[in-house]
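All residue numbers in this chain count up from 1 along the given sequence. Note that ligands are numbered from 1 as they come in the structure, with each ligand's atoms numbered from 1 the same way.
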Amino acid sequence: MSQSNKYQADEKGMYGRFGGAYIPEMLYPNIEHLKSVYLDIIYSDNFQKEYRALLKDYVGRPSPLYLAKRLSEKYGTNVYLKREDLNHTGAHKINNSLGQILIARHMGKTRIIAETGAGQHGVATATACALMGLQCVVYMGELDIERQAPNVARMRMLGAEVVAAKSGNKTLKDATNEAMRDWICNPVDTFYIVGSVVGPHPYPDMVARLQSVISEEMKVQVPEKTGKELPDYVIACIGGGSNAAGAFYHFLDEEQVKLVAVEASGLGVDSGETAATIAKGDVGIIHGSKTFLMQSEDGQITEPYSISAGLDYPGIGPQHANLFDTGRASFLSATDAEALEAALELTQLEGIIPALESAHALAALKKMTFKKEDTVVITLSGRGDKDMATYRERLGF
Ligand SMILES: *Cc1c(COP(=O)(O)O)cnc(C)c1O
């Protein structure tokens, strides 16, 4: 598991001018402890053996790389889908939650906390906790608890305690604050499982490494399927950026591979109802790291909007901020309407109903031009079951 330095975090967790650990002093001991052990744990034989076995037999990896023939014909190129939607629990998030819970166990922790917005990360974490028999507390905004009832029921059925965050807007940001507070109060027994490549160092680096299995598999699958060493494009949707980070990881140094991240622009980049952080944000500090975020003139974090709950985040992981800064990755955005259209297209051409988040990545096909011989890999980060109510309402089925 080699890694380059150029696009990776340095000792202090900086990616160029982004990243770091801007945290309250009370959190220093927790973060320092994690920082001092996470790499040794991840690359220990014990961890690797158990993690790899779970990825294989519990998650169902490797996830297939599927040549979408009819979609390819339509766009006059070769489109391959990396099928994270086929993972247990229906998305890529389980790769991260299982990895972090094993790290927690290696550190002797017995209690897991997490924050969740739409509930996807909460469900993945509650799943991992049920599997390991560890106590699980998930913080969730009071408003999100109302909006995401099916995922709340799933978490409770899995044995997790779902705690309502009642401050602020009663959404993800407030849930994150509550989780931080819990961690400060329970530093000895508790491990905080963060759901994307965000938060203070070492979280962005740790989560990227755990999700890097996505590109590790692609590196084997692309030559098998195409006879070419490398894909020409890797495309992924981006909320906090964990599925994109995992899909990019082993291609960062292969500069001929074009990396494309697709943000959610909601009702439009300039509509005021958007989650397109790179397009609309500027540099600031959010959840303990320096990165791009959407904020008002007086520095208040603004409420993001997207039809897809998983992309509805006002920041972006610091590694992605640096990939934008250095030009290593390009950033596009897709609106709600474009994502809905792309979801319907995939469904009717390939018989695959994608998650709304993943549909944003698919929407990139209409915004780019490809050559006939190109290999275009799109990460299908999740399946659409959770989004059926929205599809029914918006597409009229
Ligand atoms: C949570 C989620 C995302 C967005 O999170 P990233 O960290 O940006 O990957 C994308 N797709 C699905 C299916 C999700 O559940």
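In the candidate list G310, S308, G241, G241 is nearest to atom 8 (O) of ligand 1, counting heavy atoms.
If you run salt bridge (charged side-chain N to carboxylate O under 4.0 Å, His left out) between E254 and each of K6, K219, R328, only K219 comes through. Of the residues listed (K93, R383, R61, H92), the one engaging E84 in a side chain to side chain donor-acceptor pair (under 3.5 Å) is R61, and it is the only one.
Of the N or O atoms in H92, one or more lie within a sub-3.5 Å distance of an N or O in ligand 1. Taking only nitrogen or oxygen atoms, main chain and side chain alike, S242 reaches within less than 3.5 Å of ligand 1. In terms of polar-atom proximity, G382 is not counted as a contact of ligand 1, lacking any N or O under 3.5 Å from an N or O of the ligand. Of the polar atoms of G240, at least one N or O is found under 3.5 Å from an N or O of ligand 1, judged by distance alone.
Close contacts between ligand 1 and S196 involve ligand atoms 6 (P), 7 (O) [criterion: under 4.0 Å to a heavy atom]. Heavy-atom contacts of Q120 reach the following atoms of ligand 1: 15 (O) (cutoff under 4.0 Å). For ligand 1, the atoms sitting less than 4.0 Å from at least one non-hydrogen atom of C237 are 10 (C), numbered in the order shown with element in parentheses. Shown in contact with S381 at under 4.0 Å from a heavy atom are these atoms of ligand 1, numbered in order with element: 10 (C), 11 (N), 12 (C), 13 (C). Close contacts of ligand 1 with G239, meaning ligand atoms under 4.0 Å from a residue heavy atom, involve 8 (O).
Here salt bridge (Lys or Arg N to Asp or Glu O under 4.0 Å) pairs that include residues 157-171, with residues two or more places apart or in two chains, are E142-K166. Identified under the salt bridge (Lys or Arg N to Asp or Glu O under 4.0 Å) test for residues 278-294, with sequence neighbours left out: D270-K280.
Within 6.0 Å of CE on M388 lie more than 12 heavy atoms contributed by other residues, nucleotides or ligands.
Electrostatic pairing of K228 and E373 does not count as a salt bridge here, judged by no charged N lying under 4.0 Å from a carboxylate O.
Ring orientation note: the planes of W183 and Y203 are nearly perpendicular, at an angle over 60° on the 30°/60° scale.
Neither the backbone nor the side chain of H121 has a heavy atom within less than 4.0 Å of ligand 1.
Scanning the protein heavy atoms around atom 1 (C) of ligand 1, the nearest turns out to be K93 NZ, 1.3 Å.
No hydrogens or angles considered: nothing links the side chains of Q100 and Y192 as a donor-acceptor pair under 3.5 Å.
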